[in-house]
Amino acid sequence: MIIFTTDEPLTNRRFFISILLQLIFMLLFFVVFHFAANSEKAGTAYLIFGILFLGNIISLLQLSKLEEIRFDEEKKELHFYSKRYFSKLRKVKTSFEGLSVRRKNDRLKITKGRKKVFTISCNDDVFSIEKMNNIIAAFKANNIPVE
């Protein structure tokens with residue numbers, strides 16, 4: 001079995017650091033806006049600040065990231081594990097039969113027929129270029145076409 005894992009897994013600590021950084025940035029924006037605008041627009045600033053902060057938290061909670069890919073060469077199956085903040089790993093597996101890979105810059109799109117199975121990205125899923133090249137080599141070694 002060949003296993004590839006992400007360089008930066010999703011952890012609750014990363015979630016809180018991300019929220020803290022966004023909160024600091026929004027507070028700085030709010031302070032500048034509060035002093036630059038008159039008192040009538042300050043109420044609007046509170047509303048905008050609350051909506052943006054809530055929207056950022058919701059988008060982070062819905063973020064799903066690929067954590068691990070496994071090539072089971074004996075059973076001819078591809079297993080991939082994805083995760084969201086505050087959730088367990090979600091496992092999906094598919095057979096090698098009918099899989100194809102399209103390569104665009106730093107992104108691999110894995111499809112089965114016309115249906116997209118999943119996408120691997122250097123930036124979003126934090127896989128190094130070396131790991132991406134090794135993943136492509138694993139696909140080719142298992143007779144899965146790479147375009």
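Just so you know, these numbers come straight off a predicted model, no measurement behind them. Numbers here simply count residues along the sequence, with the first being 1.
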Pair Leu60, Gln22 - check side-chain contact (heavy atoms from CB on, under 4.5 Å), show working. CA-CA 11 Å; Leu60 278 175; Gln22 289 179 13; 3.9 Å; yes
Just how far is it from atom CD1 of Ile120 to atom CG of Asp106, taken to the nearest 0.5 Å? 11.5 Å
Could you go through Phe118 and Val92, starting from their C-alpha distance and side-chain angles, then the distance that decides it, and tell me whether this counts as side-chain contact (heavy atoms from CB on, under 4.5 Å)? CA-CA 10 Å; Phe118 65 96; Val92 177; over 6 Å; no
The reported gap from CZ in Arg103 to CD in Glu147 (rounded to nearest 0.5 angstrom) is 12.5 Å
Heavy atoms of Phe96 and Leu78 approach each other most closely as CE2-N, 3.7 Å
Could you tell me whether the side chain of Phe71 reaches within less than 4.5 Å of the side chain of Asn142, counting heavy atoms only? yes
Quick check: do Arg107 and Lys109 have side-chain heavy atoms less than 4.5 Å from each other? no
Heavy-atom closest pair, residues Val126 and Thr6: O-OG1, 3.1 Å
To the nearest 0.5 Å, tell me how far Lys116 NZ sits from Ile110 CD1. 9.5 Å
So which atom in Leu63 and which in Arg84 form the shortest heavy-atom distance, rounded to 0.1 Å? O-CG, 3.2 Å
Any side-chain heavy atom of Phe80 within less than 4.5 Å of one from Val117? yes
Is any NZ, NE, NH1 or NH2 atom of the basic residue among Asp7 and Lys131 found under 4.0 Å from an Asp or Glu carboxylate oxygen of the other? yes
Non-hydrogen side-chain atoms of Phe4 and Met132 separated by less than 4.5 Å: no
What distance separates Glu74 CD from Met1 CE, expressed to the nearest 0.5 Å? 7.5 Å
I want to check something: taking the side chain as every heavy atom from C-beta on, are Glu67 and Pro9 in contact at a cut-off of under 4.5 Å? yes
Going only through I, L, V, M, F, W and Y residues with side-chain contacts under 4.5 Å, is there a path from Phe25 to Phe53? no
Is there a side-chain contact between Val101 and Ile136 in this structure, where contact means two heavy atoms from C-beta onward sitting under 4.5 Å apart? no
Quick one: does any side-chain atom of Arg90 pair with a main-chain N or O of Ser64 as donor and acceptor, under 3.5 Å? no
Quick one: pull up CD1 in Ile69 and CD1 in Ile3 and give me the separation to the nearest 0.5 Å. 11.5 Å
Would you call the rings of Phe86 and Phe15 parallel, tilted or perpendicular if under 30° counts as parallel and over 60° as perpendicular? perpendicular
So does Leu66 get a backbone contact from the side chain of Asp125, meaning a donor-acceptor N/O pair under 3.5 Å? yes
What about Leu27 and Leu52, same hydrophobic cluster or not, with Ile/Leu/Val/Met/Phe/Trp/Tyr joined at side-chain heavy-atom distances under 4.5 Å? yes
What's the shortest heavy-atom distance between Asn56 and Ser59, and which atoms? O-OG, 2.9 Å
Connected via hydrophobic side-chain network under 4.5 Å: Ile2 and Ile135: yes
Would a single hydrophobic cluster contain both Leu23 and Phe16, if residues Ile, Leu, Val, Met, Phe, Trp and Tyr are joined by side-chain heavy-atom contacts under 4.5 Å? yes
Test log, rule side-chain contact (heavy atoms from CB on, under 4.5 Å), inputs Glu8 and Arg14: CA-CA 9 Å; Glu8 290 183 23; Arg14 283 188 63 206; 3.7 Å; yes
OG1-CD distance between Thr94 and Glu77, expressed to the nearest 0.5 angstrom: 8.5 Å
Hey, does the side chain of Ser100 reach the backbone of Pro145 with a donor-acceptor pair shorter than 3.5 angstrom? no
Using the rule that two of Ile, Leu, Val, Met, Phe, Trp, Tyr join whenever any of their side-chain heavy atoms come within less than 4.5 Å, decide whether Leu61 and Leu89 are in one cluster. no
